[in-house]
Amino acid sequence: MAKPQFQAPKGTRDLLPPDTRRWRAVVEVFADTAERAGYGQVISPMFEDVGVFLRLGESTEVVTKEMFAFEDKDPKSPQQLVLRPELTASICRAYAQHRPVTPWKVWYEGPQFRYEKPQAGRYRQFTQVGVELLGADDPAADVEVIALAWRFYESLGLQQVSLLLNSLGDELCRPVYLEALRSFLVSRIDDLSEASQATLDRNPLRVLDSKREQDQAVIAAAPVMVDFLTDETAAHFAAVRSGLDSLGIAYEISPRLVRGLDYYARTTFEFASTALDSAQNAVGGGGRYDRLVEDLGGPATPGVGFALGIDRILMACDAEGVFAPPPSPVDVFIVDMIDGTHATIVTDELRRAGIGAERSFGGRSVKAQMKVADRSGARFAVIIGDDEVAADAVTLRDLTGGEQELVARSALATNLVRKLQETPRS
Ligand code: HAM
């Protein structure tokens, strides 16, 4: 087959049926988990003023290199707009704009855009689900959001997800730590890779994120934030840990977990799938961002939340062999052997009765229609030919067992509803 002229842009992909049915099912499990915990959905714009995202970190690649930016066309508002690279900042912008009552507990789902170097599990357009809990400083809020993500992975059937936990301190202890880290790294600068030497200038914390072999010995010996926490921050961290202990949620303290975004303070965490290749094994991450709302012009409001990557979660489900695609919701396939007009009427009637019904088009042979019926995943075929019309009936064929019977036309919908209820899909 000749290659078509146009392909999906680099770093993006088309999701096609039936994969999209599984995709939607994951989002529905998440939506249920969040809604049942009192989180309401926010749908915010896919593009925002660039200023909304500057707090992600002026030294982070997300801001410096990965924004999809464009000018507003209105000459009167020379605004730089960007496709959102994440949703936490958008949610805080929305909070500052609408000032809802706190605690404000919200969830979201949707595509994010980052101009990354694409590879398996790393895309330029990817989908996140997440929650944000604004207006609660309580460590129990940190525990709640972590537990929500954890239980969500569990309900998908994932068992090889581990939780990495850290505290990044607050505005009192972080500067002290950063200074200690900087002077340590400066003292070992000759042992660092060139790239990390450059990073050190901009943001010493990010050096800890380096995966380069050459940097590992220095990173292993570097001072860690958790040794610099103030009493208050340490108490918060201890409360988060004991909350997780009380829920039986296992975690690993990861003192060098810095996360890719700069707005975090205190609790930070990441979920890694050990079933995935280590380069792209983060299936989710989050933490506290107590200053972000204020930085975006709102009242001082603490916040905590997470975002999980659906693309990678489905890769992890494949790797673990869990979360099979839901069965086709088509219950019945109408095989019209006459001219298609009966199929039009019967599909409509059955759909209105709440039955999944499909048909074929273009006057295809009975054999061809039966083949499509088998492929559709339908459990029954309704066959209509001249004999059936003459008897004011239809032939109802069980596509699993092969038995068939004549059913009065007027009794078809009730008969099918009963049959489908008697043997629900597994
Ligand atoms: P993040 O760590 O940048 O955090 O992204 C969260 C998750 O999104 C990652 O763990 C990964 O599963 C997925 N992800 C990120 N980039 C890509 C990509 N290029 N391709 C595929 N999947 C990707 C945030 O976005 C924060 N807003 C999380 C948060 C919420 N913090 C507090 N509240």
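As the structure lists them, so they are numbered: ligands from 1, and atoms in each ligand from 1.
With a 4.0 Å cut-off on non-hydrogen atoms, F271 does not touch ligand 1 at all. Only side-chain heavy atoms of E116 come within less than 4.0 Å of ligand 1; its backbone N, CA, C and O stay farther off.
At a 4.0 Å cut-off, not a single heavy atom of R288 sits close enough to ligand 1 to count as contact. Residue D311 places no heavy atom under 4.0 Å from ligand 1. Residue contact check for ligand 1: Y264 places a non-hydrogen atom closer than 4.0 Å to it. Under the 4.0 angstrom criterion for non-hydrogen atoms, G130 is not in contact with ligand 1.
Among R114, K117, R259, the residue whose heavy atom lies nearest to atom 3 (O) of ligand 1 is R114. Of the candidates Y115, F126, F113, the one placing a heavy atom closest to atom 14 (N) of ligand 1 is F126. Closest heavy-atom approach to atom 5 (O) of ligand 1 among the candidates Q128, R84, Q112, E86: Q128. Of the listed options L261, V145, V129, L261 places a heavy atom closest to atom 24 (C) of ligand 1. When R124, M315, E132 are ranked by how near their heavy atoms come to atom 33 (N) of ligand 1, first place goes to E132.
Against a heavy-atom cut-off of under 4.0 Å, G285 is close to the following atoms of ligand 1: 10 (O), 28 (C), 29 (C). Taking every non-hydrogen atom of G284 and a distance limit under 4.0 Å, the qualifying atoms of ligand 1 come out as 10 (O), 12 (O). Here is the list of ligand 1 atoms found below 4.0 Å of a heavy atom in V283: 10 (O), 12 (O). Contact atoms of ligand 1 toward R122: 19 (N), 20 (N) (distance under 4.0 Å to a heavy atom of the residue). Atoms of ligand 1 found under 4.0 Å from any heavy atom of Y289 (numbered from 1 in listed order, with element): 32 (C), 33 (N).
In this structure, the ring of F380 has its center no less than 6.0 angstrom from the ring center of F333.
The CG atom of L205 sits 11.0 Å away from atom CG of L200, with the distance rounded to the nearest 0.5 Å. Distance check: S162 OG to E270 CD gives 10.0 Å after rounding to the nearest 0.5 Å. Atom CD in E28 sits 11.5 Å away from atom CZ in R21 (nearest 0.5 Å). Separating the SG atom in C92 from the CD atom in E294 is a distance of 11.5 Å, to the nearest 0.5 Å.
The protein heavy atom nearest to atom 26 (C) of ligand 1 is Y263 OH, 3.3 Å. Protein heavy atom closest to atom 32 (C) of ligand 1, with residue, atom name and distance, is G305 O, 3.3 Å. Taking atom 13 (C) of ligand 1 as the reference point, the nearest protein heavy-atom neighbour is G309 CA, 3.7 Å. The protein non-hydrogen atom at the shortest distance from atom 11 (C) of ligand 1 is A282 O, 3.4 Å. Counting protein heavy atoms only, atom 30 (C) of ligand 1 is closest to T88 OG1, 2.9 Å. From the protein, the heavy atom lying nearest to atom 20 (N) of ligand 1 is Y123 N, 3.0 Å.
The residues R122 and E116 are annotated as salt-bridged, a charged nitrogen and a carboxylate oxygen being separated by less than 4.0 angstrom. Salt-bridge annotation for R352 and E349: absent, with no side-chain N of the basic residue lying under 4.0 Å from a carboxylate O of the acidic one. Under a 4.0 Å N-O distance rule, the pair R22/D318 qualifies as a salt bridge.
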Candidate pair T12 and Y123, rule side-chain contact (heavy atoms from CB on, under 4.5 Å), full reasoning: CA-CA 6 Å; T12 71; Y123 307 104; over 6 Å; no
Between L308 and Y153, is the side-chain contact (heavy atoms from CB on, under 4.5 Å) condition met? List the steps. CA-CA 10 Å; L308 320 177; Y153 292 127; 3.2 Å; yes
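Taking the six-membered ring for Trp and thresholds of 30 and 60 degrees, W107 and F30 have ring planes more than 60 degrees apart, a perpendicular arrangement. Taking the six-membered ring for Trp and thresholds of 30 and 60 degrees, F47 and F70 have ring planes more than 60 degrees apart, a perpendicular arrangement.
Side chain to side chain, E132 and Y95 fail the donor-acceptor criterion of an N or O pair below 3.5 Å.
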